[in-house]
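As structure tokens, the structure follows; a few thoughts come after it.
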Amino acid sequence: MNTEEYIDTLPKKAARLRADGTYTVLPMMHHGKLDANRLSLISRVVADNSLPGIRITAGQQVLIDGVPADRLKSVIEALGEVGLAYKHKAQGCLGTDGCKLGQQNSRAAAERLSELLDTYDMPCKVKAGVSGCPMCCAESMARDVGLYGKKGGWTVSFGGNAGKRVRCGDILGENLSEDEAFELIAKALSFYAENAKKKERTARFVERVGLDALKSAVLTAD
Ligand code: SF4
């Protein structure tokens, strides 16, 4: 088996070829959290293999750079779990888990949202951001699915996008309990998964079908 065939057997984004012919390796992380044992294991693997270093990606992931092809397999085996923990990961800020402004538990909601997203067969990639307060540090309003917390509950947005055609998500509900927010998100995702064209992001989908159609689907669906 050559290196590319080996990479195909790994979870998504576990290893990627760089322009200089070496590979990046992504140790698996769950919502930006690493305990001391995992952190020291990663550090030991980097030191033992004289690798150039570690960096943090925009998606809150630790990434090991510069792994030579002939050490890729042994580095990955030493790390154990590698690649993305979820197909469609929801980014979450600290929220009530550590931010003094947090009004809702955004970390727990982000984990729940990642699990929900992975139950769908989506027509295109879906990004999600969960913020513990209206400051929206997890960029909730510029994500396909956005949640942010206030004292009275969660606000849900849908159809946001960053990138070159920026779109602010449309608010589908406010002051919702977590269960109510997830019920609304599930309905919006079902409507999107069933009606979007292949490779159509939620922002373009909402522009094409219209906000009224989306709202009527999510507010009337069972
Ligand atoms: S969105 Fe609010 S709770 Fe989350 S990190 Fe930013 S300020 Fe803190």
Side-chain angles (χ1 to χ4, degrees), residues 13 26-39 42 54-63 84-120 122 124-189 192 201-203 205-206 211 214-215 218:
K13 296 193 177 172
L26 192 72
M28 191 174 282
M29 287 173 68
H30 293 268
H31 295 283
K33 280 192 169 176
L34 286 173
D35 65 20
N37 288 339
R38 187 85 175 126
L39 200 53
I42 294 168
I54 295 173
R55 67 189 153 90
I56 308 294
T57 70
Q60 299 180 324
Q61 294 278 342
V62 164
L63 190 73
L84 291 179
Y86 300 100
K87 266 192 298 173
H88 305 274
K89 187 173 79 90
Q91 182 183 349
C93 75
L94 278 177
T96 50
D97 209 10
C99 177
K100 65 182 180 185
L101 297 179
Q103 294 174 23
Q104 298 290 339
N105 189 340
S106 43
R107 272 195 187 274
E111 204 149 343
R112 181 174 173 183
L113 185 51
S114 297
E115 282 163 15
L116 175 70
L117 291 170
D118 276 5
T119 64
Y120 287 85
M122 302 285 190
C124 193
K125 71 178 166 188
V126 171
K127 294 185 175 183
V130 185
S131 306
C133 83
M135 297 286 282
C136 282
C137 295
E139 299 175 350
S140 307
M141 297 304 293
R143 300 296 189 207
D144 298 275
V145 178
L147 267 175
Y148 68 83
K150 292 192 284 190
K151 277 203 169 53
W154 291 101
T155 298
V156 173
S157 73
F158 193 81
N161 191 36
K164 80 180 173 186
R165 278 179 69 193
V166 176
R167 184 175 192 275
C168 186
D170 295 298
I171 303 287
L172 297 183
E174 293 183 272
N175 298 320
L176 305 170
S177 69
E178 190 179 302
D179 285 344
E180 288 169 337
F182 273 79
E183 203 176 307
L184 199 54
I185 291 168
K187 286 176 181 173
L189 287 172
Y192 169 64
R201 292 290 297 272
T202 60
F205 171 69
V206 176
L211 181 57
L214 171 67
K215 279 193 167 166
V218 299

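Atoms within a ligand are numbered from 1 in the order they appear, just like the ligands themselves.
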Point to revise | Closest protein heavy atom to atom 1 (S) of ligand 1, given as residue, atom name and distance to 0.1 Å | key: Cys137 N, 3.3 Å
**Study point:** Cys93 near atom 4 (Fe) of ligand 1 via N/O/S, less than 2.8 Å
**Key:** yes
**Study point:** The single option from Leu176, Ile171, Leu147 passing side-chain contact (heavy atoms from CB on, under 4.5 Å) against Thr155
**Key:** Ile171
Review point. Which of the atoms in ligand 1, numbered in the order shown and given with their element, are less than 4.0 Å from a heavy-atom of Cys99?
Key: 3 (S), 5 (S), 7 (S), 8 (Fe)
Check your understanding: Are Cys136 and ligand 1 in contact, using a heavy-atom cut-off of under 4.0 Å?
Key -> yes
**Study point:** Nearest non-hydrogen protein atom, atom 3 (S) of ligand 1
**Key:** Gly102 CA, 3.4 Å
Study note, to complete from the structure: Separation between CE (Met141) and OG (Ser157), nearest 0.5 Å, reads 4.5 Å
Exercise for review: Walk me through it: do Asn161 and Thr202 pass the test side chain to side chain contact (heavy atoms under 4.5 Å, CB included)?
Suggested key: CA-CA 8 Å; Asn161 191 36; Thr202 60; over 6 Å; no
Check your understanding: For atom 2 (Fe) of ligand 1, which protein heavy atom lies nearest, and how many Å away is it?
Key -> Cys133 SG, 2.3 Å
Revision key, fill the gap. Per-atom filter on ligand 1: closer than 4.0 angstrom to a heavy atom of Leu101 are 7 (S)
Exercise for review: Mind listing the closest non-hydrogen atom pair of Lys150 and Glu174 along with its distance?
Suggested key: NZ-OE2, 3.5 Å
**Study point:** Donor-acceptor pair, side chain of Asp144 and main chain of Lys127, under 3.5 angstrom
**Key:** yes
Point to revise | Under 3.5 Å donor-acceptor, Ser140 side chain and Gly129 backbone | key: yes
